[in-house]
Amino acid sequence: MPQIDPNPAQHPLLTQNLSLSFGESTVLHDISLAIPKNCLTVLLGPNGSGKSTLLGALSRLNRPSGGIAYLNGKDIASQNTRDIARKLGILPQSPLLPANMTVYDLVSRGRFPHQGLFSHWTARDENAVITALEITGTLEFSNRAVDTLSGGQRQRCFIAMALAQETDIILFDEPTTYLDLRYQVDVMDLIAQLRTQHGRTIVAVLHDLNFALQYADYLVFLKNGRIHQTATSPQDCTAELITEIFETPVTKLIEPVSGLPVFLPLRKQGGL
Ligand code: ADP
Ligand code: MG
């Protein structure tokens, strides 16, 4: 169970009273969130609740209009892009798909932050790329163009690119989108393994609540751009909470092997 300490230096990522606006519209309000080290933090909430925007603020892609985001105890706004990219990798919700680029070249892009202006490709770079290809099961099509792959295969290539970056912190925005059930489990197992075996700090936006409950160390529920509730154990999640967050009636069941709760959406009244 993560220990939450308000001191920025104690956390890989921390926000204090962070708000964020696009033009006139404020989409994040007063977010104070400490991301615990070596844990898998999962952001959950309805569409449009601000999850992707928050990941953007944690990685300096989105500038806050109020409050501060800290990376390793320093205001992220004061850190340069290359320094950030050595500490933090992000897999966006809809990564841009380069035309005619091979899988190998895409994954190699993850090494850019480690290369100086005149430095050459090193054995360490090559090793990081091959390892990332192996872990994600993409080595077999490393010479294919990324845009000829299926959605699920592509997604694994983008995950490989994030892994090749070898950062201590990785942010994933809906990493299991487009994947069939087998690869959803493989990707979630892989993410969990990054945390347990490689000591990484992971923040993931997940749309599948039941996956989130199985894997997360720390759950953060967002609604309307605010933190509605946090939980350090799935057992703290009630049917009332989930119903309130997603505005959909659910019932809570207990999965007999793990003892973890599972939420099943119920048909709304008035249906045919
Ligand atoms: P989520 O990831 O939870 O589905 P987002 O963070 O993508 O939600 O979006 C939160 C809100 O911010 C939404 O209302 C969305 O329309 C708005 N928003 C996101 N990005 C932008 C942008 N670049 N410009 C204007 N509004 C945006
Ligand atoms: Mg999103």
Side-chain angles (χ1 to χ4, degrees), residues 8-23 27-28 31 33-35 37-38 41 43 50-99 101-122 124-129 131-133 136 146 154-155 157-175 191 194 198-205:
Q10 300 300 316
H11 297 282
L13 293 164
L14 182 132
T15 66
Q16 278 174 347
N17 308 106
L18 184 137
S19 59
L20 201 145
S21 305
F22 294 111
V27 298
L28 292 178
I31 304 277
L33 178 65
I35 302 296
K37 201 175 168 71
N38 306 147
T41 298
L43 307 183
K51 304 179 298 293
S52 297
T53 305
L54 179 54
L55 280 195
L58 293 174
S59 54
R60 216 203 51 177
L61 295 173
N62 295 332
R63 305 256 170 181
S65 41
I68 303 185
Y70 295 93
L71 168 61
N72 293 340
K74 271 178 64 185
D75 184 350
I76 197 167
S78 70
Q79 303 184 44
N80 73 43
T81 305
R82 181 180 288 256
D83 282 345
I84 294 170
R86 285 184 182 146
K87 296 172 193 155
L88 177 151
I90 180 163
L91 175 63
Q93 194 165 4
S94 318
L96 285 177
L97 188 65
M101 181 179 272
T102 67
V103 171
Y104 181 89
D105 286 344
L106 179 84
V107 177
S108 302
R109 281 186 165 194
R111 300 303 299 165
F112 281 6
H114 297 282
Q115 298 184 312
L117 204 52
F118 303 107
S119 71
H120 298 290
W121 188 252
T122 65
R124 180 163 179 203
D125 294 321
E126 181 69 17
N127 196 28
V129 170
T131 304
L133 290 165
T136 52
V146 187
R154 272 181 212 169
Q155 187 69 347
C157 297
F158 283 109
I159 293 172
M161 179 169 71
L163 295 186
Q165 206 174 324
E166 290 187 318
T167 53
D168 285 339
I169 307 167
I170 312 183
L171 314 182
F172 290 104
D173 200 345
E174 304 204 2
I191 289 175
L194 290 174
H198 305 277
R200 277 157 164 162
T201 299
I202 315 271
V203 185
V205 173

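Atom set for the values below is all heavy atoms of this structure, side chains included, hydrogens, waters and symmetry mates excluded.
Counting heavy atoms from C-beta on, the side chains of I159 and L91 come closer than 4.5 Å. In this structure, the side chains of T53 and F22 come closer than 4.5 Å at one or more pairs of heavy atoms.
Applying the salt bridge (Lys or Arg N to Asp or Glu O under 4.0 Å) definition to pairs two or more places apart or across chains, those involving residues 157-175 are R111-E166, R124-E166. Within the structure, salt bridge (Lys or Arg N to Asp or Glu O under 4.0 Å) contacts touching residues 50-63 (residues at least two apart or in different chains) do not occur.
A side-chain donor-acceptor contact under 3.5 Å links Q155 to the backbone of P175. S65 places a side-chain N or O within 3.5 Å of a backbone atom of S19 that can act as its donor or acceptor partner.
Counting non-hydrogen atoms of neighbouring residues, nucleotides and ligands closer than 6.0 angstrom, the CZ atom of R86 exceeds 12 such neighbours.
Remark: T167 pairs with Q165, I170 by the side-chain contact (heavy atoms from CB on, under 4.5 Å) rule, at least two apart or across chains. Listed by chain and residue number, T138 satisfy the side-chain hydrogen bond (donor to acceptor under 3.5 Å, both in side chains) test with T136 (two or more places apart in sequence, or in another chain). Remark: D75 engages I68, A77, S78 in a side-chain contact (heavy atoms from CB on, under 4.5 Å) (not counting sequence neighbours). Scanning for side-chain contact (heavy atoms from CB on, under 4.5 Å) contacts around P92 gives P95, with sequence neighbours left out.
Nearest heavy atoms, V103 versus C157: CG1-SG, 3.6 Å.
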